[in-house]
**Q** 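Quick one: structure below, then a few questions.
Values in this document were obtained by computation on a predicted structure and should not be read as measured data.
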Amino acid sequence: MSKMYKKCLDSQNSNLLDEFYQLELQRGESSELNTSVCEQMQQELKGMDFNIGFTLRNAPERYAEFKYSTKIKETGLEVTSECQMTLNNYQAYRKSEISDIEGVVAHMKAGIDRAIRQHILGKSEMDLLSNFKTATSQDVSISDQVKNSVKQQATAIGYELNSFHTLPNIAPLRLLNGLMLTFDKEDGAFKTGMFGSRVRLNIRMEVKAKEGEFEKYRHLFASSENDNQIDLLAITQAQILDRIKVLVHDICKEVMLNDKFNHYKALSQFEELIRPQLEDEIGKRLSEQHGLVVSIKSLMAVESEDAMRLEELRGKKIPIQFKHFFGGQDGIGAEYSFSGAFEVLGLVVSDAWW
């Protein structure tokens with residue numbers, strides 16, 4: 001034990017407790033301690049077999065991970081928290097008189113409740129939106145204030161806070177963290193060029209609100225342009241995404257109507273011709289005009305009207321019949337009947353597109 005302790009003192013990143021939490025052993029056992037004692041005892045016993053195993057008595061769980069929901073009745077807010085911790089101070093754990101992992105989690109949940117009420121209760125919705133993730137009117141953001149308080153609760157019982165995230169049930173705050181938006185064939189079709197048919201798009205993107213640019217995207221939460229009183233708790237994530245979809249739809253409509261896009265080229269060369277311009281315009285306009293950062297995961301053309309018509313024709317043989325009279329000017333000749341069929345195999349690009 002003295003050798004193990006000295007090795008830990010000589011290494012800044014080592015903890016004596018680490019020796020008793022090795023993956024291949026049961027909780028509270030050290031292979032180095034077991035092996036060292038066995039070897040020395042075998043020497044003392046002149047080579048006789050000797051095996052021993054030491055286990056840390058009342059060894060606590062090394063890791064704790066849980067999710068928790070705090071409800072603030074006064075405001076109607078519900079705050080969801082995720083916590084991950086690692087035991088790093090056995091003496092502090094023993095002093096806390098907590099005997100099991102259930103006690104650790106109960107202690108932390110009570111601390112989270114206190115931290116949330118201390119730092120979130122009394123804050124206006126606008127203050128939460130402005131200062132929750134990044135401090136603008138104070139030194140430390142609200143989320144970091146909560147985290148620091150929870151960290152103190154963990155330290156008091158010998159645990160180190162590895163990860164802690166908390167978020168009130170305000171949809172605009174989720175937009176600050178990032179929302180996934182899917183724009184598919186049910187969201188409309190777009191004409192290609194002035195005389196083109198329609199192409200449907202499938203777009204999957206992550207959308208985030210920029211810190212400090214609330215005035216640009218506040219229209220996503222207002223019921224009308226003249227509504228300055230925004231009830232953030234009444235706004236849902238679905239409403240926000242629907243309003244962003246309207247913006248994306250307008251951008252796609254304008255890009256796809258560009259006269260230079262021949263319809264068949266647009267279909268056959270979508271990746272080369274249209275996708276780059278769509279990605280560029282969606283990203284640029286949502287950023288500059290609406291304070292949103294966009295990360296496009298996928299963007300592709302899906303079944304178009306032309307594709308559906310072609311699919312209906314392909315594989316079908318269309319019968320044709322006609323008669324023709326073959327003869328001279330004197331009216332002498334014969335009438336022949338012809339019959340046959342044709343099959344549509346594909347579409348040919350033509351300069352005359354009507």
Side-chain angles (χ1 to χ4, degrees), residues 133 171-172 174-221 237-314 344-354:
K133 287 182 65 67
R174 296 192 186 97
L175 185 59
L176 285 171
N177 280 352
L179 295 176
M180 292 304 300
L181 182 147
T182 300
F183 190 99
D184 56 30
K185 61 182 182 180
E186 303 301 324
D187 293 305
F190 304 94
K191 289 183 68 176
T192 54
M194 293 303 294
F195 302 103
S197 292
R198 297 178 179 273
V199 173
R200 298 182 184 277
L201 298 176
N202 183 287
I203 310 173
R204 187 170 177 271
M205 64 179 75
E206 182 185 46
V207 183
K208 284 186 178 182
K210 288 184 179 180
E211 299 282 356
E213 296 195 9
F214 176 69
E215 289 304 317
K216 284 187 177 181
Y217 57 83
R218 67 173 294 150
H219 64 88
L220 299 173
F221 317 132
Q237 181 172 315
Q239 286 176 311
I240 295 173
L241 292 176
D242 284 343
R243 292 172 185 178
I244 296 175
K245 276 188 177 183
V246 173
L247 304 176
V248 175
H249 183 278
D250 292 341
I251 295 170
C252 292
K253 180 180 179 181
E254 183 176 333
V255 172
M256 299 290 280
L257 272 176
N258 194 319
D259 290 341
K260 71 180 182 180
F261 290 144
N262 174 285
H263 182 66
Y264 292 111
K265 285 186 178 179
L267 289 175
S268 62
Q269 301 178 34
F270 181 84
E271 290 291 320
E272 296 83 359
L273 289 178
I274 297 182
R275 175 173 175 166
Q277 187 167 344
L278 276 174
E279 288 185 339
D280 181 64
E281 289 297 321
I282 291 172
K284 182 173 65 176
R285 295 194 199 183
L286 291 185
S287 175
E288 294 177 355
Q289 299 176 16
H290 305 286
L292 302 173
V293 178
V294 176
S295 174
I296 296 180
K297 309 300 182 182
S298 65
L299 196 164
M300 64 184 71
V302 293
E303 192 175 59
S304 67
E305 291 180 5
D306 284 332
M308 290 186 289
R309 290 201 300 269
L310 176 60
E311 201 60 34
E312 289 177 1
L313 291 174
R314 290 176 65 177
V344 176
L345 299 177
L347 298 176
V348 179
V349 177
S350 172
D351 292 333
W353 168 246
W354 302 93

**Q** Specify the closest pair of heavy atoms between C252 and I203, including all atoms of both residues, with the distance to one decimal.
**A** SG-CD1, 3.9 Å

**Q** Checking K245 side chain against T182 main chain: does a donor-acceptor pair fall under 3.5 Å?
**A** yes

**Q** Drop me the distance from Q289's CD to K284's NZ, to the nearest 0.5 angstrom.
**A** 9.5 Å

**Q** Please report the interatomic distance CD(E254) to CG(L278), rounded to the nearest 0.5 Å.
**A** 11.0 Å

**Q** Please report the shortest heavy-atom distance between L175 and V207, naming the atom on each side.
**A** CD1-O, 3.8 Å

**Q** Working to the nearest 0.5 Å, report the span between CG of L179 and NZ of K208.
**A** 10.5 Å

**Q** Which pair of non-hydrogen atoms, one from G291 and one from Y217, has the smallest distance, and what is that distance?
**A** O-CD2, 3.7 Å

**Q** Hey, are the side chains of P172 and R218 touching, using non-hydrogen atoms and a 4.5 Å cut-off?
**A** no

**Q** Can you find a pair of side-chain heavy atoms, one from H219 and one from R243, that are under 4.5 Å apart?
**A** no

**Q** About how many Å separate CG of D184 and CG of N202, when rounded to the nearest 0.5 Å?
**A** 6.0 Å

**Q** Would a distance-only check, ignoring hydrogens and angles, find a side-chain to backbone donor-acceptor pair under 3.5 Å from K216 to E288?
**A** yes

**Q** Return the orientation label for the F183 and H249 ring planes: parallel under 30°, perpendicular over 60°, tilted otherwise.
**A** tilted

**Q** Rounded to the nearest 0.5 Å, what separates atom CG in L292 from atom CE in M205?
**A** 10.5 Å

**Q** Could you give the distance from CG (L181) to CG (L247), rounded to the nearest 0.5 Å?
**A** 10.0 Å

**Q** Taking R204 for the side chain and K297 for the main chain, is one N or O donor matched with an acceptor at less than 3.5 Å?
**A** no

**Q** Test salt bridge (Lys or Arg N to Asp or Glu O under 4.0 Å) on R285 and E281; report intermediate values, then the result.
**A** CA-CA 6 Å; R285 295 194 199 183; E281 289 297 321; 2.8 Å; yes

